[in-house]
Amino acid sequence: MAAQSRKGMGMMQTVEEVMTKAPVIPVVTVQGADDAVPLARALVAGGLPAIEVTLRTPGALAAIEAIARDVPDAIVGAGTVLNGAQLSDAVGAGASFIVSPGVTDALIRAFSDAPVPVLPGAATASEVMRLLEAGFTHQKFFPAEQAGGVAMLKAWSAPLAGVRFCPTGGVSPGNAPDYLALPNVLCVGGSWIAPGADVARGDWAVIEGNARAAAALAGG
Ligand code: 3PG
């Protein structure tokens with residue numbers, strides 16, 4: 001069974017619960033625990049508890065571990081997961097959910113056995129169908145703007161009814177309301193809330209403000 005539903009009795013959330021904590025899942029790239037913890041605190045304070053930490057830096061796993069340990073109100077996930085080894089590493093570090101930009105046969109197998117909720121990526125109707133066949137009703141639409149944006153999701157809503165998306169890639173405060181207005185969209189993802197320059201400067205107040213504005217977004 002695909003790891004998108006509740007398993008066990010603990011604090012595990014379903015992927016739908018992760019996707020509906022707030023209208024936006026911030027996608028963050030950090031160097032390690034030192035910047036990850038204050039960043040996560042700022043995002044949580046601004047109203048965005050579900051945070052995707054990309055596995056794109058050597059310190060990403062340490063960052064996930066530190067957030068999971070030190071920011072109890074955060075729901076920290078790992079993004080840019082490309083293979084089963086990264087999935088295991090991320091879960092070992094304490095990731096509460098896993099996001100991928102797309103899938104392979106091997107990644108679908110790994111995701112099917114994952115002990116935490118997963119949000120696999122798709123960019124075409126065939127990819128959405130392949131994931132649906134494997135039991136994944138909740139998917140990341142990536143890269144959203146480049147792959148057809150709001151119009152693509154509207155076109156999918158009838159033939160691919162039942163699939164719920166988190167569009168990510170090119171999403172901004174300007175176009176997020178258009179995505180969030182769609183019935184097949186539960187949330188959007190994006191890096192605009194925590195720009196690299198603000199993270200590098202440690203400008204947590206700016207990031208908290210961005211998070212607060214993002215948390216107030218709604219379909220329009
Ligand atoms: C991702 O990793 O999901 C995307 O790179 C985020 O896309 P954005 O930077 O366009 O928000």
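Heads up: numbering here begins at 1 and tracks the sequence. Because the structure is predicted, anything quoted here is derived from the model rather than measured. Atoms within each ligand, like the ligands themselves, are counted from 1 in listed order.
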Would you mind checking if R212 and E208 are paired as a salt bridge, meaning a charged N to carboxylate O distance below 4.0 Å? yes
What's the verdict on side-chain contact (heavy atoms from CB on, under 4.5 Å) for F97 and L119, showing C-alpha distance, side-chain angles and the deciding distance? CA-CA 8 Å; F97 67 99; L119 190 61; 5.6 Å; no
Within the protein, residues bringing a heavy atom under 4.0 Å of ligand 1, chain by chain: V27, R56, K140, F142, T168, G169, G170, G190, S191
Q146, CD: over 12 other non-hydrogen atoms inside 6.0 angstrom: yes
Is the shortest heavy-atom distance from the side chain of L153 to the side chain of P167 under 4.5 Å? yes
If we only count heavy atoms from C-beta on, is the I207 to V199 side-chain gap below 4.5 Å? yes
Side-chain polar contacts of residues 63-81 - donor-acceptor pairs under 3.5 angstrom, sequence neighbours left out - could you list them?
residue, atom, partner, partner atom, Å
T80, OG1, R56, NE, 3.0
T80, OG1, R56, NH2, 3.4

